[in-house]
Amino acid sequence: MNNQLWPNWYNPPKLRGVGFMERASRVTGYLPSELKGSDRTRGITRVRQAMAHVMKDGLKRSYPEIANNFGRHHSTIMHGVALSRRLETTDTNHRTLLQTLRAVL
């Protein structure tokens, strides 16, 4: 099975905001390996979605760049960012998480 996330001709650059994953890891309490891992429990998933949201809006990264950093498909990142934007308006905990992540940019 081919696990490639995009066509052979497209190789998105590595995320230029070096260190954001490590800084986010420190404030969230999840290791970078956990953030890039396959665990799909709600807590870590929400953190990943919030991080993708901050990377998209704060670091101005494309969906493929963010997906490359997390080892996910760009459509997964698109869905996560959209969900995070909705949660920002309704969930105070998620809003606080986003503010914390924006502070470590």
Engineer: With a 4.5 Å cut-off on side-chain heavy atoms, are F20 and N69 touching?
Structural biologist: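 No, side chains not in contact.
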Engineer: Is T76 close to F70 at the side-chain level, that is, under 4.5 Å between some pair of heavy atoms?
Structural biologist: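 F70 does not reach T76 side chain to side chain.
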Engineer: Mind checking side-chain contact (heavy atoms from CB on, under 4.5 Å) for R86 and listing every partner two or more places apart, or none if nothing turns up?
Structural biologist: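 side-chain contact (heavy atoms from CB on, under 4.5 Å) check on R86 returns A82, L83.
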Engineer: Which heavy atom of M51 sits nearest a heavy atom of A24, and at what distance?
Structural biologist: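 So the two residues come closest at CE-CB, 3.7 Å.
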Engineer: Atom CZ of R61 and atom CD1 of I66: how far apart are they, to the nearest 0.5 Å?
Structural biologist: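 Here the rounded value is 8.5 Å.
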Engineer: What salt bridge (charged side-chain N to carboxylate O under 4.0 Å, His left out) pairs are there with at least one residue in residues 39-59, not counting sequence neighbours?
Structural biologist: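 For residues 39-59, and leaving out neighbouring residues, the salt bridge (charged side-chain N to carboxylate O under 4.0 Å, His left out) pairs sorted by first residue read D57-R85.
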Engineer: Mind checking what makes side-chain contact (heavy atoms from CB on, under 4.5 Å) contact with T28, not counting sequence neighbours?
Structural biologist: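 Here the qualifying residues are Y30, V47, L97, L101.
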Engineer: Compare every heavy atom of L105 with every heavy atom of G58, then report the nearest pair and how far apart it is.
Structural biologist: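 Taking G58 first and L105 second, the nearest heavy atoms are CA-CD1, 3.9 Å.
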Engineer: Under the side chain to side chain donor-acceptor pair (under 3.5 Å) definition, can you give me all pairs with a residue in residues 90-105, not counting sequence neighbours?
Structural biologist: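 The answer is S84-H94, E88-R102.
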Engineer: In terms of hydrophobic clustering (I, L, V, M, F, W, Y; side-chain heavy atoms under 4.5 Å; direct or indirect links), are V81 and L87 co-clustered?
Structural biologist: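 Different hydrophobic clusters.
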Engineer: With hydrophobic residues grouped by side-chain heavy-atom distances under 4.5 Å, do L59 and M78 end up in a single group?
Structural biologist: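 Yes, one cluster joins them.
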Engineer: Return the CD to NE2 distance between E65 and H74, rounded to the nearest 0.5 Å.
Structural biologist: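 Rounded to the nearest 0.5 Å, the CD-NE2 separation comes to 13.0 Å.
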Engineer: Please identify each residue that fulfils salt bridge (Lys or Arg N to Asp or Glu O under 4.0 Å) with E34, with sequence neighbours left out.
Structural biologist: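 In terms of salt bridge (Lys or Arg N to Asp or Glu O under 4.0 Å), with neighbours along the sequence ignored, E34 is linked to no residue.
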